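These notes concern the structure reproduced below.
Naming: A, B, ... by sequence-line order, numbering from 1 per chain. As a basis for the values below, the full set of heavy atoms in this structure was taken, side chains included, without hydrogen atoms, waters or symmetry mates. Predicted model only: the values in this text are computed from it and were never measured.
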Protein chains: 2
Amino acid sequence: MAHLTASLRHRQGTAFAELGLTPATARALHELDPDRPLPARDLADRLGCDRSNVTALVDRLEQAGLVERRTDPADRRQKTLVVTGDGRGVRDRVTEVMSDSRLLAGLSDTELSTLRDLVWKVSDGGCPEPCDPA
Amino acid sequence: MAHLTASLRHRQGTAFAELGLTPATARALHELDPDRPLPARDLADRLGCDRSNVTALVDRLEQAGLVERRTDPADRRQKTLVVTGDGRGVRDRVTEVMSDSRLLAGLSDTELSTLRDLVWKVSDGGCPEPCDPA
DNA sequence: TATTGTTATACTCTATAACTATA
DNA sequence: TATAGTTATAGAGTATAACAATA
């Protein structure tokens, strides 16, 4: 198990680095909806982390030209996050990496669905929150 | 997959915290041999990280009374790490948590061995080093 | 000269708390 | 007063580089 998670993280981290992203910024980009602006607060919820972290994450995505901040006219406290044209392309690559096509290429369809079932069975027993929801 | 790794890390992190350990110190303690002193350099190799990090990790384990530093008489550059009596008990608990008995309790023996086989098959294709070995 | 452990430093990730501007 | 985003700060984890002691 430890072997699997280490292997997964290492390969994804390397692939993300080639896109100029860290694992956290890659995941943030992945959680954004390319077709609909998302308030920063909602992104924090999706990432399961505090809003304060989203600021730095989006700073870097914005600096890379992948995301834009826009003030919501309806509620001027909110800033919505919009994926740019460049951002869409990079986000697609991130999604590919996350679906682990290379990683799972060695498995047959049957093995793949068996693995998926077992993984779900194992992980469903646990807390759904990745971070402490206190 | 992401769900599984997040769930795993969350549960282990919580269990380690109850032992007064962080994930990294728990893993360091786990990699030590309770019956044979290990040079700090070898611990770094087992953890797949730089020697410089081992210093702080062992500092905390030593402060908690779980590990002792001893200068190797044969090569006075080396300091060997010895697990104390207290350390053995805590290390046993860490090993239990890592074997994930609670996590895997819902699976039958057959399912368990199938899962193990598939996980091995998937992870074997990757780089065995968790960190950048450059 | 090469190696062991340490220190100093930096960057990423994440958490809390205080601040601002809105509402 | 409550909320959204920001800033400041802290700690864990990990990396590189330079250093002292030893080989």
Side-chain angles (χ1 to χ4, degrees), chain A residues 5-6 9-10 12-14 16-17 20-29 31 37-64 67-82 129-134, chain B residues 5-6 9-10 12-14 16-17 20-29 31 37-64 67-82 129-134:
Chain A
T5 62
R9 256 186 302 175
H10 181 257
Q12 291 190 346
T14 304
F16 293 151
L21 299 172
T22 64
T25 52
R27 189 165 164 237
L29 181 58
E31 293 292 350
L38 195 74
R41 173 57 191 259
D42 292 2
L43 177 57
D45 288 345
R46 292 191 185 191
L47 293 174
C49 75
D50 195 84
R51 333 174 194 57
S52 61
N53 301 310
V54 170
T55 300
L57 255 33
V58 174
D59 280 350
R60 279 181 281 170
L61 290 173
E62 199 173 33
Q63 235 175 336
V67 163
E68 273 181 31
R69 280 180 170 98
R70 288 189 198 153
T71 301
D72 183 350
D75 182 345
R76 310 233 334 264
R77 289 174 303 181
Q78 276 187 170
K79 285 178 186 169
T80 56
L81 309 173
V82 183
E129 300 301 321
C131 298
D132 190 358
Chain B
T5 62
R9 254 186 304 176
H10 181 255
Q12 290 191 345
T14 304
F16 293 150
L21 299 173
T22 64
T25 51
R27 188 164 165 238
L29 181 57
E31 293 292 351
L38 195 72
R41 172 58 189 259
D42 291 2
L43 177 56
D45 288 344
R46 291 192 184 189
L47 294 174
C49 75
D50 194 86
R51 333 174 196 58
S52 60
N53 301 310
V54 170
T55 300
L57 256 32
V58 174
D59 279 351
R60 280 182 279 170
L61 289 174
E62 198 173 33
Q63 235 176 336
V67 164
E68 273 181 31
R69 281 180 170 98
R70 290 191 196 153
T71 302
D72 183 351
D75 182 345
R76 308 230 339 260
R77 289 175 303 182
Q78 275 188 168
K79 287 179 186 168
T80 56
L81 308 173
V82 182
E129 300 301 320
C131 299
D132 191 358

Q: Return yes if the base of D:dT16 and the side-chain atoms of B:S52 contain a donor-acceptor N/O pair under 3.5 Å, otherwise no.
A: yes
Could you check how far [atom1] of [X] sits from [atom2] of [N], rounded to whole Å?
| X | N | atom1 | atom2 | value |
| --- | --- | --- | --- | --- |
| A:D42 | D:dT3 | CG | P | 14 Å |
| B:L43 | D:dG13 | CG | P | 14 Å |
| B:L61 | C:dG5 | CG | P | 15 Å |
| B:E62 | C:dT6 | CD | P | 9 Å |
| B:L47 | D:dT14 | CG | C1' | 12 Å |
| A:Q63 | C:dC11 | CD | P | 13 Å |
| B:L38 | C:dT4 | CG | P | 13 Å |
| A:F16 | C:dC13 | CZ | C1' | 15 Å |

Q. With sugar-phosphate meaning primed atoms plus P, OP1 and OP2, does A:T22 contact a base, only sugar-phosphate, or nothing at under 4.0 Å between heavy atoms?
A. sugar-phosphate
(Q) Would you say A:R70 places a side-chain N or O within less than 4.0 Å of OP1 or OP2 belonging to D:dG5? (A) no
Q | OP1 or OP2 of C:dT4 under 4.0 Å from side-chain N/O of B:R69 | A | no
**Q.** Sequence-distant partners of A:A24, side chain to side chain contact (heavy atoms under 4.5 Å, CB included), two or more places apart
**A.** A:T22, A:L57
Q. Under the side chain to side chain contact (heavy atoms under 4.5 Å, CB included) test, which residues partner A:T55, sequence neighbours left out?
A. A:D59, A:R69
Q: Could you pull out the closest heavy-atom pair between A:L43 and A:V58, with the gap in Å?
A: CD2-CG2, 4.2 Å
Q | Smallest separation among heavy atoms of B:P23 and B:F16, with atom names | A | CA-CD1, 3.8 Å
Quick one: which of [options] gets closest to the side chain of [X]?
| X | options | value |
| --- | --- | --- |
| B:P39 | D:dG13, C:dT12, C:dG5 | C:dG5 |
| B:N53 | D:dT6, D:dT16, D:dT14 | D:dT14 |
| A:D50 | C:dT16, D:dA4, D:dA12 | C:dT16 |
| B:Q78 | D:dA12, D:dG5, C:dG5 | C:dG5 |
| B:A24 | D:dA4, D:dT16, D:dG13 | D:dG13 |

Q: Between A:D59 and B:P23, just flag the one whose closest nucleotide in DNA chain D comes earlier from the 5' side.
A: A:D59
Q. Got a sec, which residues hit salt bridge (Lys or Arg N to Asp or Glu O under 4.0 Å) with B:R76, two or more places apart in sequence or on another chain?
A. none
**Q.** Set of residues satisfying salt bridge (Lys or Arg N to Asp or Glu O under 4.0 Å) with respect to A:D72, sequence neighbours excluded
**A.** none
Q. How does protein contact run along nucleotides 18-23 of chain C, one letter per nucleotide 5' to 3', with B for base contact, S for sugar-phosphate only, - for none, heavy atoms under 4.0 Å?
A. ----BS
(Q) Run the side-chain hydrogen bond (donor to acceptor under 3.5 Å, both in side chains) test against A:E31 and tell me which residues pass, sequence neighbours left out. (A) none
(Q) Could you check whether A:D42 pairs with A:R46 (Lys NZ or Arg NE/NH1/NH2 to Asp/Glu carboxylate O, under 4.0 Å)? (A) no
